[in-house]
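In what follows, a structure is listed as structure tokens, so that the remarks can point back to it.
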Protein chains: 2
Amino acid sequence: MTKKYVHPVLHEAHLIKDAVELVQSYPKVPLTVDCAIFGFEESKLKILLIKSDLEVFEGRYTLLGDMVRDNEELDAAAYRILKERTGMNDVFLDQVRAFGHPNRHPGGRVITVAYCSLLNINHHELKIHDNELNWHTVANLNEMAFDHMEIVDYCYAWLQKRIQEHPLGFNLLPEKFSLRELQNLYEAILGVTLDRRNFRKKFASMDLLIDIDEMEQDVPHRPGKLYKFNFEKYEKNKRKWVGIDF
Amino acid sequence: MTKKYVHPVLHEAHLIKDAVELVQSYPKVPLTVDCAIFGFEESKLKILLIKSDLEVFEGRYTLLGDMVRDNEELDAAAYRILKERTGMNDVFLDQVRAFGHPNRHPGGRVITVAYCSLLNINHHELKIHDNELNWHTVANLNEMAFDHMEIVDYCYAWLQKRIQEHPLGFNLLPEKFSLRELQNLYEAILGVTLDRRNFRKKFASMDLLIDIDEMEQDVPHRPGKLYKFNFEKYEKNKRKWVGIDF
DNA sequence: TCAAAAGTGTTTGTACTACACCCATGG
DNA sequence: CCATGGGTGTAGTACAAACACTTTTGA
């Protein structure tokens, strides 16, 4: 009993001439993009949500999503949708992953690609309020429409990991910020409390903060120094990963 | 000149009753999955590729891919395709991300979702040779079909990062392996050279290796000790990320 | 006896942790 | 004068990096 061996060369005769025909034979599915836009305000991590348009999800919230158009890049769709829903057009979005469970949408199969960002709420006033667009505290999210809770959980974990590798955090703060604000930010996103002295030392040693020689104003306690983020320096020193570190 | 303010309540009248109709109004796109299966052999990182079926890509290689079926989970499609193409059914696949450039496929728009894995070539003999399925050294890849070079690059970077957080590497080695083999593996995947003593110390301190009190056989030099990986121990100690570490 | 890789320890620097007190401001 | 958070230093520990010689085996 020998195994049948198919010689590669035999296959050269089978090349497909018409790629268009091939693609047309594939099943097609509706494709959407959902944006998980995180922001930071009052020492809390928040996320932008709207009310679902669908009756079956009446009262529930969803991420900012919509269909991808014909011949539209996924990234472009994400930026377009964000712009349409919020008016924002100066936000960086990163693709997180695709979600494709066949029953995730009550209207039939829809694949969605999740995008994620993190931004400074005070720099991005909401000018559009359709579908009750608003910021929601991540810690108290209720039931959401579709599988959006799962997507939020995944994006949040993705974000926690990412903020430890890249100083995304600075997008969340005013141009000038105090170390306390910076620490609040990290504590909010990572869900931990950090030692103040060690935190300050850590950032001091990274030398990514520029002391602008100004102080906080109108705070009901001793004012802290204000800093700016040194973007230039960061760009030069992007982390080199070499170690092995499970 | 005041801004027009749309009160949220106005929208409650607009709820969509028919989710199916809504979804049917979306553009639909063909959806595929592509698997980037990395393996390790002769101290080199390799990847499983097949020859493209398409005439326009005659002679070029592609990842293991195919369409996603109606109502098929993305993960399930990836496992099915891997099984169909290679016969393997005991491999873990992770989704990496979606690629959706409108012109990435000559037959029209096709979205693909990339999956990635890493395995032990010697534990997975290739029993199917359709489309010249074979292992290719990652370092010498030539031009590939579609955007598969981009996908490979992305998956490779993804893998390098991932192997530093999880000991995927052990899937690539025989059950019993020497420290030299382990080090070769890390050097091959990370593309760096590592100090032998420090490497050994690192793994010794992690206590993830079981000394099985056997030696290499038939090597043209002093034989090294053989070890097994302590999977149990690893499962208990999965890394907790807490620090901030750009 | 040679080639090739195995095996091994120390030192040095860096980075993280834990921890407590005084200071500046507004109310 | 009180409450609130700002600002600071040290000691201990753990980890990473650099670095060279002896040993074992097969050819």
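Numbered from 1 within each chain, the chains take letters A, B, ... in sequence-line order. When reading the values below, keep in mind they use all heavy atoms of this one structure, side chains included, and skip hydrogens, waters and symmetry mates.
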Can I get a per-line list of side-chain donor-acceptor pairs under 3.5 Å for residues 41-48 of chain B, giving both atom names and the distance, sequence neighbours left out?
residue, atom, partner, partner atom, Å
E41(B), OE1, K46(B), NZ, 3.2
S43(B), OG, N184(B), ND2, 3.2

Side-chain donor-acceptor contacts of residues 221-231 of chain A below 3.5 Å, not counting sequence neighbours, with atom names and distances?
residue, atom, partner, partner atom, Å
K225(A), NZ, D211(A), OD2, 2.8
N230(A), OD1, K233(A), N, 3.1

Tell me, please, whether F99(B) has R97(B) positioned over its six-membered ring: NZ or CZ under 6.0 Å from the ring centre and within 45 degrees of its axis?
-> yes
Using a 4.0 Å cut-off on protein heavy atoms (strictly under), produce a 5'-to-3' string for nucleotides 7-15 of chain C with B for base contact, S for backbone-only sugar-phosphate contact, and - for none.
-> BBBB-----
How many whole angstroms separate atom [atom1] of [X] from atom [atom2] of [N]?
{"X": "H221(B)", "N": "dA4(C)", "atom1": "NE2", "atom2": "C1'", "value": "7 Å"}
{"X": "L194(A)", "N": "dA18(C)", "atom1": "CG", "atom2": "P", "value": "11 Å"}
{"X": "E216(B)", "N": "dT23(D)", "atom1": "CD", "atom2": "P", "value": "20 Å"}
{"X": "D218(B)", "N": "dA5(C)", "atom1": "CG", "atom2": "C1'", "value": "16 Å"}
{"X": "F203(B)", "N": "dA16(D)", "atom1": "CZ", "atom2": "P", "value": "11 Å"}
{"X": "D207(B)", "N": "dC15(D)", "atom1": "CG", "atom2": "P", "value": "13 Å"}
{"X": "L182(A)", "N": "dG7(D)", "atom1": "CG", "atom2": "P", "value": "12 Å"}

Could you pull out all residues at least two apart from Y115(B) that satisfy side chain to side chain donor-acceptor pair (under 3.5 Å)?
-> D75(B)
Taking only residues two or more places apart in sequence, or in another chain, which ones meet E175(A) in a side chain to side chain donor-acceptor pair (under 3.5 Å)?
-> none
Pairs meeting criterion salt bridge (Lys or Arg N to Asp or Glu O under 4.0 Å) with involvement of residues 150-160 of chain B, two or more places apart | none
